[in-house]
Amino acid sequence: MAQRSIKSFFKVSPPKPIVDKTEIQVNGDEVAALNGKEEKKKKVKRQRIESSESESESTNEQIPIKQEKQSPKLYASPKSKKKKILTENKNEVKSPPLKAKSSTKESQKKEVTEKITKKESPKHNLLEKAVKVEPKEEIVEKEKENVQQEKEDKKEVKVAVTEYNPAKANYDPVKDACWSKGEEVPYYALAKTLESIEATSARLKIVSILSNYYRSVIALTPEDLLPSVYLCLNQLAPAYHSLELGIAETYLMKAIGQCTGRTLAQVRGAAHKTGDLGSVAEQARATQRTMFTPPPLKLRRVFAALKEIAHMTGQASVNKKINKIQSLYVASKNQEAKYLIRSLEGKLRIGLAEQSVLQALAVATALTPPHPGGALRDQPYLLDSKKFTCEWKYDGERAQIHVPGDEQPDLGRAAIFSRNQENNTSKYPDILRRLPSLLKGDVSSCVLDCEAVAYDVRNKQILPFQVLSTRKRKDASEAEIKVQVCVFVFDLLYLNGRALVREPLAQRRRLLRTHFNAVEGEWQFATSKDCSSMEEVQQFLDEAVRGSCEGLMVKTLNGEHAKYDIARRSHNWLKLKKDYLDGVGDTIDVVVIGGYMGRGKRAGVFGGFLLACYDPDNEEYQSICKIGTGFSDEDLQTLSETLKAHQIDAPRNYYRFEGAHSPDAWFAAACVWEIRCADLSLSPAHRAAAGLVDADKGISLRFPRFVRVRDDKSPEQATSARQVAQLYLAQDQVKNQANKPTPKEDDFY
DNA sequence: GTTCTCCGAATAC
DNA sequence: GTCTGACTTATTCGG
DNA sequence: CCGAATAAGTCAGACGTATTCGGAGAAC
């Protein structure tokens, strides 16, 4: 198979395909698509529909199409009015599936749905079902009936709060719950559920535990489902609302310290030791006496409080936030404290994330237990030989441009989204302004997938990512923009009221090039080439790198066989970068001079290290980067062990580093490691080769990862500062820059 | 009262 | 962004 | 042909640099 051969040829790591599994189906002029998160919300809303005085969202809102994530997303697409979806079953979207797998089964879908009730089905189908299966109201009704019946059958034996066990076999959503119908869900129930999940590693089991809890919530207190889901996801609202707590570790520690009469340093120390602030908080609470017992925490109030915290801004907001946190914390009991704090930290760390939550929700609503295995098979066939194409992978920032419109494009409502569904419209007024030059006359609406790249207009030269990142992030005004961007368009997802995601790439590309104009330095189509041999690919990769790109995206073109559409496409975007290739990427040998205590699953060993290169001219070790990936668990264990032998109390006076990077432990220069990286960058923080390329900036590494220990090298034989500088200067991007005379400052225009 | 500096947070990769 | 590790699912292989 | 072994695919969670944003508090 072609993909396999590409992979083995280039020795790439497992494919991290950029996935194209978007599904949009738009109504009228509305360019809208829901991503997975939105879908969840929608589902949830369905449950709430009765009680919904729903903070009805603006219906004109444009929602980014999630396309580049590996996970199965439920894309749905709605009529512009979400509410409609809630009620009108027929608008229900074909949950386009998401994983190639399940979507491949498109043809067999009917079969699946039929089978699903009696037959075993793989989980993807469950996911799918979760979306299709409908009207949740009915299910809720059913549950309600059950509840009724239960009540009649026998009187409920309420489970004590502390005994709540969602992992119970044959869990009964009503009898095994620890609260009664209509009551607010105790936060304790969620805490118990999370604890139970944390103790499990099997995903299916996790899903079943969580779904049990959700079943109870649905049956007893459906209006608490939405906050429950958000709390499990550690989110406060759909992603594109970008609502964040604005609070992180340090302030949390302060809050805990103040509540329990400890100093910040004590809390920090304890957190370091266990690697988990949540547990620290729990223990601190446990040993603490309180004068009176506050009323038990209710889930929805916790959620409301978190939201409140997120909304606080302005004067003294940090202090207000801390106060709010403290009032929650003081009211928490046992496990509650742990998960409360972890929620505030922004990571639950219980091995549960979006996909599993989605699945649990699906299971809970469908009341169907998950079964592994399944009868359906698809022939995963990946890159159909010869039928693939390579595109340059530009080193910039993803920009998905939405232009709504009916007869005419409505440029006033055009929007730009980042890869993480952030609305970046206000960041790119310049791109927005020149949209007209891109659209040909017959375009009334579209969604374009692009990469915004910093661009030197005068020399017609792509600039490094580092330059791009200096642009203002929000509310940029066009007059003060210093860094120009060229937008490289690589895909067209929607055109004139029609979703194209099911079309083969070849078709989309054709439409892209016929309906849109390339404009030098403003809009360009991503350079691409159809390849049929590895040699061709190799050569094209070289060209891309010389052209200041990161590498290539390899995709299937796949025109003729319509039946292959989405399914296949999704699986086959393959990222090919030069640093994945043996012997091509930059590798350097550096000295370990410090270590940082690991956190979470790295607690107890060093989780990261400070590295330095040797500068023989000044006889000093200059920090070059930290490193924390590329190690196996075993590596970490043994490396921590051996390094402890070299531990010293304080840094040598010939170590050069930035205070902010001070490690938890210092080591004598002894161990040399080989490190791979994607690029070298000018660093404000690291000291390597400082003065050689830039007067005061040093050099650091982009995407550093551990390769192996170099026992055969002494620290003095490590890569020298001069060599680092040479490597930096040898980069194509830097060379491309240097070749052209740099124009004197701001005369871009 | 205004400005400057520092640092945590958020977000690109 | 990179990377590993645990788990699930698909495929292959030997009796 | 079936069950066990192995390969491939997913997902979650460790960790990286560099930049801007915004609040806090000091300096002016």
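Naming convention: chains lettered A, B, ... in sequence-line order (proteins, then strands); numbering from 1 in each chain.
Spacing between atom CD of A:E550 and atom P of D:dT17 amounts to 18 Å, rounded to whole angstrom units. To the nearest angstrom, C1' of B:dA12 lies 16 Å from CG of A:N423. Spacing between atom CD1 of A:I675 and atom P of D:dT17 amounts to 12 Å, rounded to whole angstrom units. With rounding to whole Å, A:M553 atom CE is found 14 Å from B:dC13 atom C1'. Following rounding to the nearest Å, A:Y394 (OH) and B:dA12 (P) show an atom-to-atom distance of 22 Å. Between the C1' atom of D:dT19 and the CZ atom of A:R471 lies a distance of 14 Å, rounded to the nearest Å. One atom, CZ of A:R398, and another, C1' of B:dA12, lie 13 Å apart when rounded to the nearest Å. Atom pair A:L463:CG and D:dT19:P shows a separation of 14 Å (rounding to whole Å applied).
Across all strands, A:G630 comes closer than 4.0 Å only to sugar-phosphate atoms, never to a base (heavy-atom distances). Nucleic acid contact for A:F706: none, since no nucleic acid atom lies under 4.0 Å from a heavy atom of the residue. Among the heavy atoms of the strands, none lies under 4.0 Å from A:I699. Contact annotation for A:L468: no contact, since no heavy-atom pair falls under 4.0 Å across all strands.
Applying the salt bridge (charged side-chain N to carboxylate O under 4.0 Å, His left out) test between A:E397 and each of A:K427, A:R471, A:R419 identifies A:K427 as the sole match.
Heavy atoms from other residues, nucleotides or ligands lying under 6.0 Å from CD of A:E641 number 12 at most.
Residues A:P704 and A:S632 each lie close to DNA chain C; by heavy-atom proximity, the contact nearer the 5' end of the strand is made by A:P704. Comparing A:G698 and A:G607 by the nucleotide of DNA chain D whose heavy atom lies nearest to each, the residue mapping closer to the 5' end is A:G607.
Distances were taken from every side-chain heavy atom of A:K472 (C-beta onward) to each of D:dT20, D:dA18, B:dA12; the shortest belongs to D:dT20. Considering only side-chain atoms of A:H686, the nucleotide from D:dT17, B:dA12, B:dC13 that sits closest is D:dT17. Distance from the side chain of A:K601 is smallest for D:dA14 among the nucleotides D:dA14, B:dA9, D:dA18. If you check D:dG16, D:dT19, C:dG5 against the side chain of A:T470, the one that comes closest is D:dT19. For A:T250, whose side chain is taken as the heavy atoms from C-beta onward, the closest listed nucleotide among B:dA12, B:dG8, D:dA18 is B:dG8.
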task: Decide side chain to side chain donor-acceptor pair (under 3.5 Å) for A:N420 and A:S418; before the verdict, give the C-alpha distance in whole Å, the side-chain angles of both, and the deciding distance to 0.1 Å.
output: CA-CA 5 Å; A:N420 303 313; A:S418 79; 4.8 Å; no

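The side chain of A:Y580 contributes an N or O atom lying less than 4.0 Å from OP1 or OP2 of C:dT2. For the OP1/OP2 pair of D:dT19 and a distance below 4.0 Å, the side-chain nitrogens and oxygens of A:Q466 include at least one atom meeting the criterion. Contact check, A:T629 against C:dG1: no side-chain N or O comes under 4.0 Å of OP1 or OP2. Taking side-chain N and O atoms only, A:K575 has a distance below 4.0 Å to OP1 or OP2 of C:dT2. Proximity of A:K254 to the phosphate of D:dA24: no side-chain N or O atom is located under 4.0 Å from OP1 or OP2. For the pair A:K577 and C:dT2, the criterion of a side-chain N or O lying under 4.0 Å from OP1 or OP2 is met. Using a 4.0 Å cut-off, some side-chain N or O of A:R705 falls inside it from OP1 or OP2 of C:dC3. Between A:K626 and D:dG16, a side-chain N or O to OP1/OP2 separation shorter than 4.0 Å is present. Between A:R419 and C:dG1 there is a side-chain polar atom (N or O) within less than 4.0 angstrom of OP1 or OP2. The shortest distance between the side-chain N/O atoms of A:S681 and the OP1/OP2 oxygens of D:dA18 is below 4.0 Å. The phosphate of B:dA12 (OP1 or OP2) has a side-chain N or O of A:S418 nearer than 4.0 angstrom.
Judged by the 6.0 Å and 45° rule, A:K626 forms a cation-pi pair with A:Y596.
You'll find a donor-acceptor pair under 3.5 Å spanning the side chain of A:R473 and the base of D:dT19, going by distance alone.
Between A:F609 and A:W673, the angle of the ring planes goes over 60°, which puts this pair in the perpendicular group of the 30/60° scheme.
Checked against the 6.0 Å centroid criterion, the rings of A:F667 and A:F606 qualify as a close aromatic pair.
Using a cutoff of 4.0 Å between basic side-chain nitrogens and carboxylate oxygens, A:K324 and A:E308 are scored as salt-bridged.
In this structure, C:dG15 and D:dC1 make a Watson-Crick or G-U wobble pair, each of the two defining distances being under 3.5 angstrom.
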